[in-house]
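As structure tokens, the structure follows; a few thoughts come after it.
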Amino acid sequence: MLPLSPFALFTASQALALVALPAQQFTFKVSKDRYYDVQAHRGGRGNTIENTLPSFAWGLIDGATTLELDNGITKDGVVVVWHDENITPEKCVDTKPATPYDPDFPYVGKFIANLTLAQLRTLDCGSKRQANYPLQLTYPGTRISTMEETFAFAECADPAHEIQWNIESKINAQFPNQTRGVDDFVRKQHAIFAASSYRSSITASLPHTAGKSPGYSFVLQYQSFDWRTLVAMKRLDPGVITSALIDSSTAIGPGNTTTPWLAGLELSLFPGPTVDQQVAQAARYIHANILSPAAIHDDSRTVDPSMESFVPFTTQLMVEEAHGLGVEVKPWTVNRLNIVDQLLDWNVDGIISDYPNSVRRLVKQRQLSVAPKYPKQRVLSCLQEHLAKQRQFS
């Protein structure tokens with residue numbers, strides 16, 4: 001691959017988004033830890049209601065290396081743990097208005113950005129089992145958590161602070177009026193990260209933290225489909241490990257147009273020569289430490305590599321190009337073991353799955369080191385304690 005001149009390939013407006021990034025990030029590489037990175041997607045939504053304290057509890061019990069989760073921001077500026085931009089009736093039910101005669105009630109169907117924390121507190125987001133995940137455990141009455149509440153639960157269940165985190169900013173680059181903006185997400189999320197007892201997980205500048213086991217790196221990954229967020233977070237704190245999410249719909253717009261998701265970058269302007277290589281090159285260009293591509297292409301007519309007409313989005317060429325540039329690769333959302341096998345053959349650095357327990361078994365069978373499972377009794381005791389605290393605010 002030919003070396004990229006920093007701004008030769010981009011327009012002035014594209015370059016402005018990147019110019020403030022520290023130069024040393026071009027040579028930064030994520031430190032390896034001793035466990036293969038099995039990530040529990042939304043806590044492991046195949047097993048437990050997603051993005052809730054119960055899902056994170058079972059992610060710990062099932063031996064995930066990393067808890068993957070999403071952040072939204074409420075009308076009153078509170079960072080909450082939830083994937084969707086709005087409250088969907090498939091996942092949550094109204095219970096009562098936050099105040100008598102609240103004109104916003106019912107809240108189901110409304111955007112997180114248009115609801116206050118007090119209004120969200122009234123929702124039951126634990127009673128409905130998702131149709132696509134028939135093995136989900138439900139926890140009736142479970143509320144949407146704040147990021148601080150999630151850290152507090154984890155500190156109880158994980159007193160040694162060994163769990164790793166992958167936290168996504170759910171910002172909509174295509175319809176910006178549906179979520180809070182880039183600056184809000186970056187400032188508010190970073191403030192919470194820095195104030196938590198997991199703050200040593202935010203940066204990778206120190207490979208060993210005082211009091212931690214030698215040879216084990218503690219990493220908080222900050223991921224987003226909206227690459228403007230990753231650029232802004234690097235500018236605010238160069239030590240934060242960023243992960244560039246991408247799939248076929250955010251990589252290239254209709255008619256090969258530039259999408260709003262990639263911080264103004266146009267993939268076709270990278271040397272490539274293939275799109276797979278251009279994706280890796282673009283992630284490197286914004287100084288992302290990790291590339292997190294979808295496992296399956298939107299054009300795939302089947303869901304498994306053993307089937308005809310299967311089209312992967314993550315390819316061996318993409319992985320090799322990223323690794324050659326010093327960028328790790330951790331695909332999502334991988335729920336079929338044939339795909340896991342293929343990705344492991346290609347030496348990806350981690351796998352994000354709704355079924356971390358199943359992926360962990362296969363990773364272990366492949367003679368890779370896996371994270372230990374957390375003590376079930378302790379985790380469930382902490383879960384009961386922290387769910388009770390949430391109910392006090394309902």
Side-chain angles (χ1 to χ4, degrees), residues 36-42 44-47 50 64-66 68 83 130-136 166 168 223 225 243-257 259 261-262 267-268 270 272-283 288 290-325 327-368:
Y36 189 81
D37 194 8
V38 177
Q39 298 199 13
H41 183 239
R42 307 187 199 177
R45 68 172 167 174
N47 301 320
E50 67 180 63
T65 315
T66 300
E68 191 273 351
H83 174 270
Q130 299 301 289
N132 290 336
Y133 302 98
L135 300 180
Q136 270 187 343
N166 185 8
E168 180 179 347
Q223 64 175 0
F225 282 100
S243 179
L245 287 164
I246 192 168
D247 61 14
S248 48
S249 67
T250 62
I252 301 172
N256 290 324
T257 57
T259 78
W261 296 96
L262 305 187
L267 290 181
S268 64
F270 287 87
T274 69
V275 172
D276 303 10
Q277 292 167 306
Q278 289 168 337
V279 167
Q281 293 159 10
I290 300 165
L291 172 63
S292 190
I296 305 176
H297 199 286
D298 287 347
D299 290 342
S300 184
R301 293 192 291 175
T302 55
V303 295
D304 195 280
S306 66
M307 302 174 182
E308 291 185 8
S309 303
F310 176 78
V311 181
F313 184 78
T314 301
T315 65
Q316 185 172 6
L317 187 59
M318 183 187 294
V319 175
E320 291 173 349
E321 181 72 12
H323 284 170
L325 295 170
V327 177
E328 294 190 354
V329 182
K330 300 183 180 183
W332 59 273
T333 301
V334 187
N335 292 338
R336 302 183 74 91
L337 292 185
N338 281 340
I339 300 179
V340 175
D341 267 328
Q342 185 178 69
L343 293 172
L344 291 175
D345 287 342
W346 296 344
N347 296 315
V348 298
D349 303 280
I351 291 175
I352 303 171
S353 177
D354 292 321
Y355 303 94
N357 50 331
S358 297
V359 173
R360 182 182 182 274
R361 286 199 301 267
L362 181 54
V363 168
K364 189 174 182 179
Q365 185 185 58
R366 298 273 297 239
Q367 305 300 310
L368 295 170

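The structure presented is a predicted model; accordingly, all values stated were derived computationally and were not measured.
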* To do: Start with the C-alpha distance between E320 and Q316, add both sets of side-chain angles, then the distance that settles side chain to side chain donor-acceptor pair (under 3.5 Å), and finish with yes or no.
  => CA-CA 6 Å; E320 291 173 349; Q316 185 172 6; 3.2 Å; yes
* Asked: In terms of side-chain heavy atoms, does S306 have a donor or acceptor partner in D304 at a distance below 3.5 Å?
  ->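 Yes.
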* **Q130-E50 side chain donor-acceptor pair, cut-off 3.5 Å** =>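 Absent: no donor and acceptor within the cut-off.
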* Asked: Should the pair F225 and W332 be assigned to parallel (<30°), tilted (30 to 60°) or perpendicular (>60°) ring geometry?
  -> perpendicular
Would you mind reporting whether [Y] and [X] have side-chain heavy atoms less than 4.5 Å apart?
| X | Y | answer |
| --- | --- | --- |
| T302 | E308 | no |
| V279 | L291 | yes |
| S292 | I352 | yes |
| L325 | Q277 | no |
| M318 | W346 | no |
| N47 | P356 | yes |
| E68 | R42 | yes |
| I351 | Y36 | yes |

What closest approach, in Å, do [X] and [Y] show between heavy atoms, and which atom pair accounts for it?
| X | Y | answer |
| --- | --- | --- |
| L262 | A251 | CD1-O, 3.6 Å |
| A280 | A322 | CB-N, 3.7 Å |
| F270 | Q281 | CB-OE1, 3.3 Å |

* To do: Quick one: do L344 and L368 satisfy side chain to side chain contact (heavy atoms under 4.5 Å, CB included)? Show the steps, please.
  => CA-CA 10 Å; L344 291 175; L368 295 170; 4.1 Å; yes
* To do: Given side chain to side chain contact (heavy atoms under 4.5 Å, CB included), test D341 with L362 step by step and report yes or no.
  => CA-CA 8 Å; D341 267 328; L362 181 54; 3.7 Å; yes
Taking atom [atom1] of [X] and atom [atom2] of [Y], what is their separation to the nearest 0.5 Å?
| X | Y | atom1 | atom2 | value |
| --- | --- | --- | --- | --- |
| Q223 | I290 | CD | CD1 | 8.5 Å |
| I252 | I246 | CD1 | CD1 | 8.0 Å |
| L337 | Q365 | CG | CD | 9.0 Å |
| H297 | D247 | NE2 | CG | 9.0 Å |
| S243 | Q39 | OG | CD | 7.5 Å |
| T65 | R360 | OG1 | CZ | 8.0 Å |

* To do: Scan D354, N335, N166 and name whichever one has a side-chain hydrogen bond (donor to acceptor under 3.5 Å, both in side chains) with H41.
  => D354
* **side chain to side chain contact (heavy atoms under 4.5 Å, CB included) evaluation trace for R366 with V363** => CA-CA 5 Å; R366 298 273 297 239; V363 168; 5.7 Å; no
* Would a distance-only check, ignoring hydrogens and angles, find a side-chain to backbone donor-acceptor pair under 3.5 Å from D349 to K330? ->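 Between the backbone of K330 and the side chain of D349 there is no qualifying donor-acceptor contact (under 3.5 Å).
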* Asked: side chain to side chain contact (heavy atoms under 4.5 Å, CB included) between T314 and Q342: does it pass, once the steps are laid out?
  -> CA-CA 10 Å; T314 301; Q342 185 178 69; over 6 Å; no
* Asked: Going through the distances and angles, do T66 and D37 end up as a side chain to side chain donor-acceptor pair (under 3.5 Å)?
  -> CA-CA 7 Å; T66 300; D37 194 8; 2.6 Å; yes
